[in-house]
There are 2 protein chains.
Amino acid sequence: MAVTLKEVAERAGVSRSAVSRTFTEGASVSARTREKVEKAAKALGYQPSLIARSLATNRTKLIGLVANNFQNPAFLDVFDLFTSELQKRGLRPLLVNLSGDTSPKKFVELLRQYSVDGVIVATSTLPTSFANAFQTAGIPVIHTFGKYQANANVHVVGINNEHCGSMAARTFADRGYRSVALLGGPETATSTKDRTAGFLRTSNELGLSVVAKVFADNYTYRAGREAMADLMKTETIEAVFCGDDLICMGAMDAAKAAGKSIPQDIGFLGFNDIAMAGWDAYSLTTIRQPIRDIIMSSVELVVGMVENPDRSPEIRLFPCTVIDRGSLRPTIGPDS
Amino acid sequence: MAVTLKEVAERAGVSRSAVSRTFTEGASVSARTREKVEKAAKALGYQPSLIARSLATNRTKLIGLVANNFQNPAFLDVFDLFTSELQKRGLRPLLVNLSGDTSPKKFVELLRQYSVDGVIVATSTLPTSFANAFQTAGIPVIHTFGKYQANANVHVVGINNEHCGSMAARTFADRGYRSVALLGGPETATSTKDRTAGFLRTSNELGLSVVAKVFADNYTYRAGREAMADLMKTETIEAVFCGDDLICMGAMDAAKAAGKSIPQDIGFLGFNDIAMAGWDAYSLTTIRQPIRDIIMSSVELVVGMVENPDRSPEIRLFPCTVIDRGSLRPTIGPDS
DNA sequence: AATTTCTTTGCAACCGGTTGCAATTTTTTC
DNA sequence: GAAAAAATTGCAACCGGTTGCAAAGAAATT
């Protein structure tokens, strides 16, 4: 069906090697030969088969992209950036949907079968051991949104969650909140644990009291709503730090439904800065995770890994920033 | 590096064919041989290379998934369903991000190089000719969310947009609206054109007057907001039919910002039924597109195409339904 | 013009599987 | 227990490229 090297070679009156070389970067071919080959290739509509090339070169230019959160709008950005960034470099993403699975075994096998050149594990809810399994299997891997660990043996690109939790507490303190609550994401997620730790530590340091602590069991509006219902049993909460914008919006709606106004009666601080956070209906003050930087850096790193697999593991953390909108009361000036 | 067939064969004391056959569905191997091979394979950690297999069988089990709308939450469902549905069948999605490009040439070449078994073009904004280009190149293709055409030569799975537009007009009429407006998606999209046609035709038939007609230039909240500002110059609008929920939410916020209340002062009817439509802040009455059915059917069809490429082009249209929430006033009873 | 050096070219082996075919082994039949 | 039928096995060619190597050709040097 498809046109092959051999046919092009015959038509151009050269050897198969010559054809191969005209299509390989930096190979040695004379201008005359190249011209003949290109003409023949064009005439025949020849496209080199990447499959065959992969077999010979042991490189597929396929990068696995494994994710387990296909319902959060934050992942729209992730997919968009990943695909276009890989595309720019002539690579292709092979999408893997974990959908609930937490054991890497099956997926390591799968990606090995496809001989992907590298894998990006984009999730904040899985332990480091997950990404590690790819490493062990000899597949270059980056754990994007992963946990920062001093003794890491896997590349990690993301943020310092502990620090972000701390930042949330400081933000509350700056605005004069004293009695605050935490509405975290799934409790087992490393990101949740770290943020919680940072939040509690700094709250303590700054004299805030964390009067309630609840965890949503997934990153959804509904989970946020339900968790907030729980939280409202505690009367004294002045502000809530949420583990995710989606959860936060659910929580805000629960508060509104209970007759509270935001930020007068209760303040909310989100996490991620998804597009909806900027919508009038929520106008959510939130901690922005620099997804673009994280993705670009991850892609760059995975490409680097493919070229030099023995590169020693790097941790790349990007700073988060508070995006001020309307769900928290304003900062207290120095003279008030 | 990786373990190969040959090594397994040697360890098991059989021929390479025998090993190959133990790993091929329905091939003829005795229980004794199979056992020996499996033991050797396990010991060595053997994984057959799909690349090599692809070269020999001319099947890659790769399905291209091309999309150009990575910012709409509706696509979260699309990606989720596509990936998990393919996964179930032992296939893999190769994601392609059109990001603005509208010429198929580059992408046909790309997907041919990867020898994908089939392609799903998931977009409502590109002409039929786009999907057609794959067909012409000999790649089985499904145009998901594509335009229904009587003389189609490409499989199409989606909805009847003309009919949906009509449904919108009928919905307005049922609730006693008389003076209505259209806030469409991108004007060049076939889906927009068809819905507009249906909406205008039925409005006319039912005696509604369409007092304004505007098109957002992309499927975003912002575009909806801006378009609504335009629309509000027309004083007499009682209800707006939007080409997309995201656009609709932007429009609703523009209306609210202008002091209108929904649905008392103005009604809104969305399209798609994304998750946010159900959120309290919007409580959007919208026309639901059965994305799950559409995706499942597309996958099933593309698999069918791979097995029998000469299958004649099918059109599969699924019905849309109005999801009643709070952005339109209630239906007028027969006796009021 | 002869020698040396640098490029270009084709040959042939290889990447890791599959598969038609003929030979061999096993099972069934009488 | 022999003949016929069915199942299993290995050989070898093939899928469509790449690449090390040696031979051939072109360019540079003396």
Rounded to whole Å, how long is the line connecting atom NZ of B:Lys6 with atom C1' of C:dA13? 12 Å
Base of C:dG17, side chain of B:Arg16 - is there a donor-acceptor contact under 3.5 Å? yes
Would you classify B:Ser28 as touching base, sugar-phosphate or nothing, given that sugar-phosphate means primed atoms plus P, OP1 and OP2, and contacts are heavy atoms under 4.0 Å? base
Taking any heavy-atom pair under 4.0 Å as a contact, classify A:Thr57: base, sugar-phosphate, or nothing. sugar-phosphate
Whole-Å distance between D:dC15 C1' and A:Glu7 CD? 13 Å
Nucleotide D:dC15, atom P - distance to CG of A:Leu50 in whole Å: 19 Å
Separation of A:Leu5 atom CG from D:dT18 atom P, in whole Å? 7 Å
Which part of the nucleic acid, if any, lies within reach of A:Val29 when heavy atoms closer than 4.0 Å are counted: base, sugar-phosphate only, or nothing? sugar-phosphate
Take atom CZ of B:Arg21 and atom C1' of D:dT8, then tell me their distance rounded to the nearest Å. 8 Å
Among the nucleotides D:dG10, C:dC11, D:dG16, whichever has the atom closest to the side chain of B:Val14 is D:dG10
Give a yes-or-no answer on whether the side chains of B:Asn68 and B:Thr125 include a donor-acceptor pair shorter than 3.5 Å. yes
For the residue pair A:Phe23 and A:Tyr46, categorise the inter-ring angle as parallel (less than 30°), tilted (30 to 60°) or perpendicular (more than 60°). perpendicular
Mind calculating the distance between CD (B:Gln113) and P (D:dG16) to the nearest angstrom? 15 Å
Where each residue is assigned the nucleotide of DNA chain D containing its nearest heavy atom, which of B:Ser17 and B:Ala56 is assigned the position nearer the 5′ end? B:Ser17
Between the base of D:dC11 and the side chain of B:Ser15, is there a donor and acceptor pair under 3.5 angstrom? no
Show every salt bridge (Lys or Arg N to Asp or Glu O under 4.0 Å) that has at least one partner inside residues 125-147 of chain B, sequence neighbours left out. B:Lys147-B:Asp194
Please state how far atom CZ in B:Arg53 lies from atom C1' in D:dC14, giving the value in whole angstrom units. 17 Å
Counting the atoms with a prime plus P, OP1 and OP2 as sugar-phosphate, which does A:Ser49 contact under 4.0 Å by heavy atoms, base, sugar-phosphate, or nothing? sugar-phosphate
What is the separation between atom CG on B:Leu55 and atom P on C:dT19, rounded to the nearest whole Å? 12 Å
Using only side-chain N and O atoms of A:Ser30, determine if any of them is under 4.0 Å from OP1 or OP2 of C:dT9. yes
For A:Glu35, is the CD atom crowded, meaning more than 12 foreign heavy atoms sit under 6.0 Å from it? no
With a cut-off of 3.5 Å and sequence neighbours excluded, list every side-chain donor-acceptor pair involving residues 82-99 of chain A.
from: A:Thr83; atom 1: OG1; to: A:Phe79; atom 2: O; distance (Å): 2.7
from: A:Thr83; atom 1: OG1; to: A:Asp80; atom 2: O; distance (Å): 3.0
from: A:Thr83; atom 1: OG1; to: B:Asn97; atom 2: ND2; distance (Å): 2.9
from: A:Ser84; atom 1: OG; to: A:Asp80; atom 2: O; distance (Å): 2.8
from: A:Ser84; atom 1: OG; to: A:Leu81; atom 2: O; distance (Å): 3.4
from: A:Glu85; atom 1: OE1; to: A:Lys88; atom 2: NZ; distance (Å): 3.2
from: A:Gln87; atom 1: OE1; to: A:Arg92; atom 2: NH2; distance (Å): 3.0
from: A:Gln87; atom 1: OE1; to: B:Asn97; atom 2: N; distance (Å): 3.2
from: A:Gln87; atom 1: NE2; to: B:Asn97; atom 2: O; distance (Å): 2.7
from: A:Arg92; atom 1: NH2; to: B:Leu95; atom 2: O; distance (Å): 3.0
from: A:Asn97; atom 1: OD1; to: A:Ser99; atom 2: N; distance (Å): 3.0
from: A:Asn97; atom 1: ND2; to: B:Asp80; atom 2: O; distance (Å): 3.4
from: A:Asn97; atom 1: ND2; to: B:Asp80; atom 2: OD1; distance (Å): 2.7
from: A:Asn97; atom 1: ND2; to: B:Thr83; atom 2: OG1; distance (Å): 2.9

Answer with base, sugar-phosphate or nothing: what part of the nucleic acid does B:Thr4 contact at a heavy-atom distance below 4.0 Å? sugar-phosphate
